[in-house]
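Presented below is the structure to which this report refers.
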Amino acid sequence: MGIISKDVRSGSKPDRNLALEMVRVTESAALAASRWVGRGDKLAADGAAVDAMRLLLDTVPMDGIVVIGEGEKDEAPMLYNGENIGDGSPPVVDIAVDPLEGTTLTARGFGGAMAVIALSERGSMFDPGPCVYMEKMASSSEFSDLLNFDEPIGDLIRKIGERKGGGTEDVTLTVLARDRHDEGVAEIREAGATIRFITDGDVQGALLAVSEDTGIDLLWGIGGTPEGVLAAAAIKCLGGEIIGKLWPRNDEERQAALDAGYDLEKTLTSAELINGKDVFFAATGVTDGDLLDGVRRSKGFATTESLVMRSRSGTVRKIGARHDRAKLREVTGGRYG
């Protein structure tokens, strides 16, 4: 049984919006991670988010398998790739998680960290295998047909500027601040575009690039492949496009990918990163960012802000919540609150 019930196929009634159930999961991860903001321990922050997310996922009626998780079982005791999640009842789904996108952001008290999860029909998520990184571009539907890896980035910037009715000085890109981008950054600067660097968090970077009124026209650069799949899930709901090309870090990883049958020259679209027809996405802010407010505490309570989306209905919600901290500590065994 898939996500779409028999009744829904016949058009008689709507089915479950799993994104509304998943927001409880991202809220829990964000609340747990937020206790570690600015404390300099990214592993502790990530561990708290993983533990809290796993606790809530066990309560969801679904038969899920983690396709994008914390890594292989030997490296991750929970939410590892291949782990079964939920109570085993329908629907049958693939799951992608990043319990804490921005572990360093959290540890250093910087903005933009968030807890993220996506679901889609079983077998619909791209499994990156040994390839940890991919080259990416993401943009709104206004420019999505221009995205490609076959021309210099400067030429792409000029085309975007022309379509905006101006020049290259009217184009703004978001780029991860990494040494591997030095050559591309030089080309972007030569073209005359504006760069907004981010230190981490390219799921948020992709969402800003495809969303209206953010001032960002294009995400460009090499970032995590898991984050590319998560961003594709959100973009299936929001509109726009992300494309990616696998980027092995060394000869060993390249050979492992080739041995596993991956085409390293292929450009992957959002439809190939997630080919499901019913995709769900939820994210909750940990620290204040351009996309979401972070967790805020007052006497006895904590507040969260979340983004909740579904592709089949095209519904995008922002959900604010107030949580009673004492009651949360009681029901979670003191994990967060």
Side-chain angles (χ1 to χ4, degrees), residues 65-76 80-82 94-98 101 116 118 120 122-139 143-157 159 173-188 198 200-203 205-206 209-210 218-236 240-276 279:
I65 187 167
V66 177
V67 176
I68 303 291
E70 290 291 285
E72 299 302 323
K73 184 176 181 179
D74 290 343
E75 297 293 333
Y80 55 83
N81 299 350
D94 284 347
I95 300 173
V97 299
D98 194 343
E101 194 209 21
V116 185
S120 63
R122 178 66 54 83
S124 62
M125 281 188 183
F126 178 76
D127 182 348
C131 294
V132 177
Y133 287 96
M134 70 185 335
E135 186 177 0
K136 306 175 197 175
M137 289 184 185
S139 193
F143 311 119
S144 59
D145 62 305
L146 300 177
L147 302 183
N148 71 89
F149 297 118
D150 297 327
E151 66 178 339
I153 186 65
D155 291 346
L156 175 59
I157 290 168
K159 290 179 180 178
L173 294 83
T174 187
V175 179
L176 274 170
R178 299 290 188 270
D179 291 345
R180 60 179 176 264
H181 294 147
D182 285 351
E183 184 175 337
V185 165
E187 292 181 34
I188 294 168
I198 53 176
D200 296 277
D202 62 346
V203 173
V210 303
L218 180 69
L219 168 80
W220 173 86
I222 296 163
T225 308
E227 288 82 355
V229 176
L230 281 161
I235 288 168
K236 292 274 284 192
E241 181 61 285
I242 184 170
I243 63 172
K245 183 183 289 188
L246 297 175
W247 191 81
R249 293 172 293 177
N250 50 49
D251 290 340
E252 182 181 357
E253 193 170 286
R254 172 178 291 275
Q255 192 58 53
L258 292 173
D259 290 344
Y262 288 90
D263 183 352
L264 300 181
E265 300 304 316
K266 181 178 176 59
T267 295
L268 299 161
T269 65
S270 59
E272 291 167 304
L273 291 169
I274 291 196
N275 62 26
V279 180

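The CG atom of N275 sits 7.5 Å away from the OG atom of S120 when rounded to the nearest 0.5 Å. The CG atom of L156 sits 10.0 Å away from atom CZ of F149, with the distance rounded to the nearest 0.5 Å.
Counting only heavy atoms from C-beta outward, the side chains of I242 and M134 never approach each other to under 4.5 Å. Looking only at side-chain heavy atoms (C-beta outward), L273 and K236 stay at 4.5 Å or farther from each other. The closest side-chain heavy-atom distance from N148 to T267 is not below 4.5 Å. D127 is not listed as a side-chain neighbour of N81, based on a closest heavy-atom distance of 4.5 Å or more.
Using a 4.0 Å cut-off between charged nitrogen and carboxylate oxygen, D263 and K245 do not count as a salt-bridge pair.
Checking side-chain atoms of D94 against main-chain N and O of S124 turns up a donor-acceptor pair under 3.5 Å. Counting only distance, with no hydrogens or angles, the side chain of R180 and the backbone of I222 share a donor-acceptor pair below 3.5 Å. In terms of modelled atom types and a separation under 3.5 Å, the side chain of K136 and the main chain of G224 share a donor-acceptor contact. Put simply, the side chain of T225 gets close to the backbone of V132: a donor and an acceptor are under 3.5 Å apart.
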- Which is it for D202 and E101 under the side chain to side chain contact (heavy atoms under 4.5 Å, CB included) test, yes or no, and what are the steps along the way? CA-CA 9 Å; D202 62 346; E101 194 209 21; 4.1 Å; yes

- Task: Determine, step by step, whether F126 and E272 satisfy the side chain to side chain contact (heavy atoms under 4.5 Å, CB included) criterion, reporting the C-alpha distance in whole Å, the side-chain angles of both residues, the deciding distance to 0.1 Å, and the verdict.
- Result: CA-CA 7 Å; F126 178 76; E272 291 167 304; over 6 Å; no

- Please assess L218 against L147 for the test side chain to side chain contact (heavy atoms under 4.5 Å, CB included), listing each intermediate value before the final yes or no. CA-CA 9 Å; L218 180 69; L147 302 183; 3.6 Å; yes

- Item | Worked verdict on E227 versus V116 for side chain to side chain contact (heavy atoms under 4.5 Å, CB included) | CA-CA 10 Å; E227 288 82 355; V116 185; over 6 Å; no

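Under the side-chain contact (heavy atoms from CB on, under 4.5 Å) rule, E241 has a single partner from V210, T269, L146, which is T269.
The heavy-atom pair separating A257 from L264 by the smallest distance is CB-CD2, 3.9 Å. Across all non-hydrogen atoms, the minimal contact from E187 to P152 is OE1-CB, 4.3 Å. A pairwise comparison of heavy atoms in I68 and P128 identifies CD1-CD, 3.4 Å as the closest pair. When all heavy atoms of Y80 and V66 are compared, the closest pair comes out as O-CB, 3.4 Å. Pairing each heavy atom of P130 with each of A256, the nearest pair is CG-C, 3.9 Å. Closest non-hydrogen pair, I274 versus V229, comes out as CD1-O, 3.7 Å.
Checked by atom type, the side-chain pair Q255/D259 shows a donor-acceptor distance below 3.5 Å.
Residues that satisfy the side chain to side chain contact (heavy atoms under 4.5 Å, CB included) test with D179, not counting sequence neighbours, are D182. By the side chain to side chain contact (heavy atoms under 4.5 Å, CB included) test, D145 pairs with R163, sequence neighbours left out.
Annotation: Y133, atom OH; neighbour count of heavy atoms from other residues, nucleotides and ligands within 6.0 Å does not exceed 12.
The aromatic rings of H181 and W220 sit tilted, their planes meeting at an angle between 30° and 60°.
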